[in-house]
Every structure is written in structure tokens, then in C-alpha cells.
Amino acid sequence: MALFSNKNQYSTVKGFARQSKKKDIPRGLWEKCKKCSQTLYAKQLEENLNVCPKCGFHKALTAQQRVELLTDKNSFVEIDSDLESVDTLKFEGVASYTDKLAQNQKKTSMKDAVLSGTAKLDGQDYVIAVMDFRFLGASMGAVVGEKITRAIELATAKNLPVVIVTASGGARMYEGMISLMQMAKTSGALKRHANANLPYIVVMTHPTTAGVTASFASLGDLIVAEPGALIGFAGPRVIRDTTQAKLPEGFQTAEFLLEKGLVDKIIPRKNLRNELSLCLEYFQN
Amino acid sequence: MADITLEFEKPIVELEKKLEEWKNLSQSNNIDASDEITALSEKLEHTKKEIYSKMTPWQRVQLARHPQRPYTLDYINEVFTDFLEFHGDRRYRDDAAIVGGFAKLEGQKVMVVGTQKGRDTKENVYRNFGCPHPEGYRKALRLMQMAEKANVPVITFIDTPGAFPGVASEERHIGEAIAVNLREMFDLKVPVICVVIGEGGSGGALGIGVGNKVLIMENSYYSVITPEGCAAILWNDRAYSEKAAKALKLSATDLLGLGIVDGVVTEPLGGAHRDYANAANEIKKSVLSNLKDLQKMSTEQLVEQRYQRFRGIEFFNDGSEV
Ligand SMILES: [Zn+2]
């Protein structure tokens, strides 16, 4: 992309390598692509932004990696880093919610499934919130809803665009109706942001489903998606079980939803930073 | 339709049968059985109270789904007059799983919108078991925004297992349809009261559920997932639905305690299906009194109160209490 050749492209790649050194090396230097089974040199995969060089499969990024990809170096200032989920319902399930939270916190080094803050992209100020699928499938509980809402409210207060990178497996069942209410809360905050005539851009990543799809993920002025991402409200299995229908080819993929008119554009990860920057630029007054 | 008995109601039905037999016996044979009849009547009343006051969440879910339970159109008939139903989303089709139109509540003009189940197989095919497609939510929003033009309050009735999980639903963006309703309901410049009258099935219920006041009938449930769905995911076995119903805290009193709903509407003993008129009257009283409060508020106050009502649902640790 010649247009952006003067800009600081993919300064984050090195960041990935540095960041993930600790974690990835013990797992081995080699990794198999989930889609094409190609054996890949882990470092090579990272340098290619976790996209398989052979088949183009987009492996998930952590929220931290995503922020690095989409922000200028050292520009990201995290907000609401202290929020932690609590077992309000004292949920009587198979495993305790508190234990689940602790396990996931340990696994991800995050307190819950959202990383949010203010940042710059090619010098443009904006608010970003990223969901991390590793944390309980980025299911939406009170903390996820609150962090998304606060990010939107901050953008409204500061007159800034907001970008949300979505991924979610569904509701946080352990929080019952508190989980469902986050759909309303986040959508209400977006109404106020929209009323202030501010732009909202959604980046849908794999998988974006259920309550997140039925709230803030579907409300972007622009909705862009990564190739191959699963996007939908009900899961394919539920649909098959309920209706006994044969699902169409490519059903609920980003490509399917582009054709059906929900998604504005599919952007391969290697172009995401530049194209997001261009989107923000078009909204600048 | 013959009365349908739920498993846990069987002791009541047994006693009712016995009582009936004694009454018949005493009448046809001219026997004085008044002692037996009085004793049985007392026992029946006692058993009813015993069973119905100690219902488990799972038993309430069964009442909420009772095939004889009053549905939205039943309440519209009982509670309102001059109902003028409107159809269609102006984009694709009319979705019969959601009904709506102008109506009068004690002479006051309102807009009523609600999900609608069918009473029998034929009706259920037409109503899609009360599971709306995207066009249902889009029709609902069209009507609610029309209410704003007419400057009349919006009353919604919620009774759905959920938004329809199907190919057509996804192709026409059920998620987007619900999301847009959530966002736009926050901006309605008129009072909005939502009443869960049966099943409050997740996002499909919330899609017409953003109100200044959210009320729920005593034996209704409102849940992020069905107990069956939760059991299947957590226990890999639907047989755990009863446990799931308890764990999810989906019953009216639990939800009131959490501030998810603002009020519980009393039902006749044994459930709304036992006395439509009485159940409807309770809804009417509750809606009217809530409406009266809301009508004291300015437009700005209504919009602000609705925002804060949902904004304030905060259950987390913010790190300040270490
Ligand atoms: Zn591959």
C-alpha cells in the first residue's frame, strides 16, 4: 500500500515476538495450522500476524497483540484495568465461577475478557476496546459489559471515535440475567455516542456470536470483519437441531454476511491497521 | 380445552376429584356428606397453598410455559379496548410472532406490542411458537417509533422462548434487528413499560424489553438461556434442567432482588391460566400505577431514567475495596 508507505507500518510485529517469547517457546518452535495442517515455524507465524502463510487462516490474536497491531507505539493508555467479575448468583454449577475466573486470569494474565483504553492510530486519537476469546470465550458478563460501556462513554465525553474488536462465544451463563442486561447497557451507551454524531467502527473477529452480535457488534457505522470469521446470533448446531435445516454453504462466515449485507468490508489482517486508519481519517473533520 | 395438569399439581387434582365424587354421591343418593365435603375442601385449599407457595424455579418455568396460560392477545382483549392491530415491517413481511397496534387503557391511548404464541399446532405454525424473525423486531420498532409521533406510552408484553434460531433469521440479521431495537428503545421520547407475562427468552425477549419499568408476572421467568440449554452446556445433559433453573436465578423474586425487574405482578393461586380476568386485572392495576408515575416525568427525564435504569446494573469488583 503505497499510500501509507511513509507511515509506521506494523511496528507491532516485533512487539508480538517479544511479548509471546515466554509463552510460545516452551510449546515448541513449530505449530500446525488449524485449517490446512501445514507445519509452521512459530516465529514465522507471529511475524505474519498469526495468519497462516499457506492458506490465509487467521489464528486468533490476544487482546494485547490486537492493541499493538492497531495503535501507534506507546500511545495506548489502558482504562478500567481493575474491574473484576464476581460470583453474584453464587452459581451452583459443575465448577465454581470463582475458580473458573481464577483459572482464566492465570491463563491470560487478564482480569476479564476486555482490554480497553485510549490510543492513537497514525496520530489519530480514538478509543479502542478489544475482546479476548481466550478468557472464558469472551462471554459477556458484567465486567465485559461495563468495560465496553465505559469505553463508549469515554469516547462520547472526549468527542472521539470508538473502535470495538469483537469476539464472543455468547452469554456468561454464570451471571444469568446480569449477563443479558449488558446487551442493553452497551447499546444504550452507543445511542448517546451516535447522538453526539461520533463514528463507531466494529471489527468482527472469529467468532462473534449471540448476545454480542445482538447488541454492540451489529451497531457499527462501519462493520468490518476478518476473513473466515464465524458471525451469527444462534450457533449452527442450535439452528440445525431446531429446524433440521441443511445449512447453506459458508453459512455465518464473514464472506456470507458480506453477501447478505451485514458486513461493510472484509479486511485481511495484514491490511487492517492501514484500512482502519483510513476509515478514521475519513471521519476526521 | 381440558385442563392440563402439571406433574407437581397431581395431589391437587386427586383431591378435586375426590371432592367432586363426594358431592355427586351426596346429591344423587341424598346422603348428608357435609362433614366429608368440608374436610376435603379444607384439605384441598391447604394443599393448594402448600404446593403453590413453595414452587421451585423449575415448576414456575412449567407454569410460564403452561399451554393454557394467557398470551399477549388474551391480555390485550382483557386489559385494553379499541385495539387496532397493525402489520408488517415495510421491508420483508408481517411476522405473526409479534403483534402490535394502538389500544386504549382505561380510555388512555397507548401503543401495545408483544410476542404472541399459538394455542394449537395450526396457530403455532402461524405464530412460529412465539419466536420472532428479524421482521418481527423491525415491526415492533416501527410501531414504537410511531407511538412517539402519537405521543402515547408504549406497553410491551413479553412471552417468547427466544428469537427464532433459523437460517432465514440469520440471513436477515436477527442479531442486528435486536441490537437496533435495544439502541433505539433507549431514545423513545414516551414512557415505556415492559411486562414479562410468560417466557422471557433471552435476547429475543430483551428485543422489546428496554423500558422505564420492567415488570414480571409471578410465575414467569426471564433468563439469559433456557434451563434446558444451560443444562446441555454445563452438565451435557438436559436432565439437569431443574438444577439449571435454580442456578440461573430466573424467577420473578430473584430478578426483583437483583434489580433486573422493577415489580412483580401477582397471579391467581395456581397460575394466571386459572383466572384470566383476575390476572389481567392485576396487570392493568400495575401498568396503570407505573404509568401514572412515569407520566409525571419530562421527556428528558424519561430518557435519562431509562438509561440509568440499565446503566446501573453493575455487579463487579472495581478494585476499590482492597
Ligand atoms: Zn493454513
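Each chain gets a letter, A, B and so on, in the order the sequences are listed, and its residues count up from 1.
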Structural part of B:Leu234 lying under 4.5 Å from a heavy atom of chain A
both
Largest heavy-atom contact set with chain A, pairs under 4.5 Å, which of B:Ile174, B:Leu206, B:Asn181:
B:Leu206
So which of A:Met183, A:Met173, A:Lys246, A:Glu146 has the largest heavy-atom pair count under 4.5 angstrom toward chain B?
A:Glu146
Does NZ or CZ of B:Lys139 lie under 6.0 Å from the centre of the six-membered ring of B:Tyr137, at an angle within 45° of the ring axis?
no
Go through A:Met181, A:Met177, A:Glu84 and name the one with the most non-hydrogen pairs under 4.5 angstrom from chain B.
A:Met177
Is a side-chain N or O of B:Arg127 found less than 3.5 angstrom from the main chain of B:Gln116, in a donor-acceptor match?
no
Name the member of B:Gly166, B:Ala231, B:Gly203, B:Gly229 that forms the most heavy-atom pairs with chain A at distances under 4.5 Å.
B:Gly166
Under 3.5 Å, is there a donor-acceptor pair between the side chain of B:Ser220 and the main chain of B:Gly198?
yes
Whatever's closer than 4.5 Å to a heavy atom in chain B on A:Ala189 counts as both
Under a 4.5 Å heavy-atom cut-off, does chain A meet the side chain of B:Leu258, its backbone, both or neither?
side chain
Quick check on A:Phe256 against chain B: is it the side chain, the backbone, both or neither that has a heavy atom closer than 4.5 Å?
side chain
Could you verify whether a donor N or O on one side chain and an acceptor N or O on the other, from A:Gln103 and A:Lys106, lie under 3.5 Å apart?
no
Check B:Val192 against B:Leu294 and note the closest heavy-atom contact, atom names and distance.
O-CD1, 4.3 Å
Which label fits A:Tyr174 and A:Tyr97: parallel for a plane angle under 30°, tilted from 30 to 60°, or perpendicular past 60°?
parallel
What part of A:Glu259 gets within 4.5 angstrom of chain B, counting heavy atoms only: side chain, backbone, both, or neither?
neither
Is it the case that A:Arg192 places NZ or CZ above or below the six-membered ring of B:Tyr307, under 6.0 angstrom from the centre and within 45 degrees of the axis?
yes
Among A:Thr209, A:Asp80, A:Thr149, which has the most heavy-atom pairs under 4.5 Å with chain B?
A:Thr149
Chain B contact via A:Asn195 - which portion, at a heavy-atom distance below 4.5 Å:
side chain
Considering only heavy atoms, which portion of A:Pro236 lies under 4.5 Å from any heavy atom of chain B: side chain, backbone, both, or neither?
neither
Would you confirm whether A:His193, through its side chain, and A:Ile152, through its main-chain N or O, come within 3.5 Å as a donor-acceptor pair?
no
What part of B:Phe164 lies closer than 4.5 angstrom to a heavy atom of chain A: side chain, backbone, both or neither?
side chain
With distance as the sole criterion, is a donor-acceptor pair present between the side chains of B:Asp159 and B:Thr115 under 3.5 Å?
no
Of A:Thr213, A:Leu180, A:Asp82, the largest count of non-hydrogen pairs under 4.5 angstrom with chain B goes to A:Leu180
Could you check which of A:Ser179, A:Ala210, A:Ala142 has the highest count of heavy-atom pairs closer than 4.5 Å to chain B?
A:Ala142
Can B:Glu135 and B:Arg172 be said to form a salt bridge (Lys or Arg N to Asp or Glu O under 4.0 Å), step by step?
CA-CA 8 Å; B:Glu135 42 275 19; B:Arg172 295 195 291 276; 2.7 Å; yes
Validation row, ring centre B:Phe310 to ring centre B:Phe186 under 6.0 Å
yes
A:Val86, A:Thr243, A:Ile178: which one forms the most heavy-atom pairs within less than 4.5 Å of chain B?
A:Ile178
Checking A:Thr242 against chain B: side chain, backbone, both or neither under 4.5 Å from a heavy atom?
side chain
Chain A shares the most heavy-atom pairs under 4.5 Å, among B:Leu255, B:Val303, B:Asp187, with B:Asp187
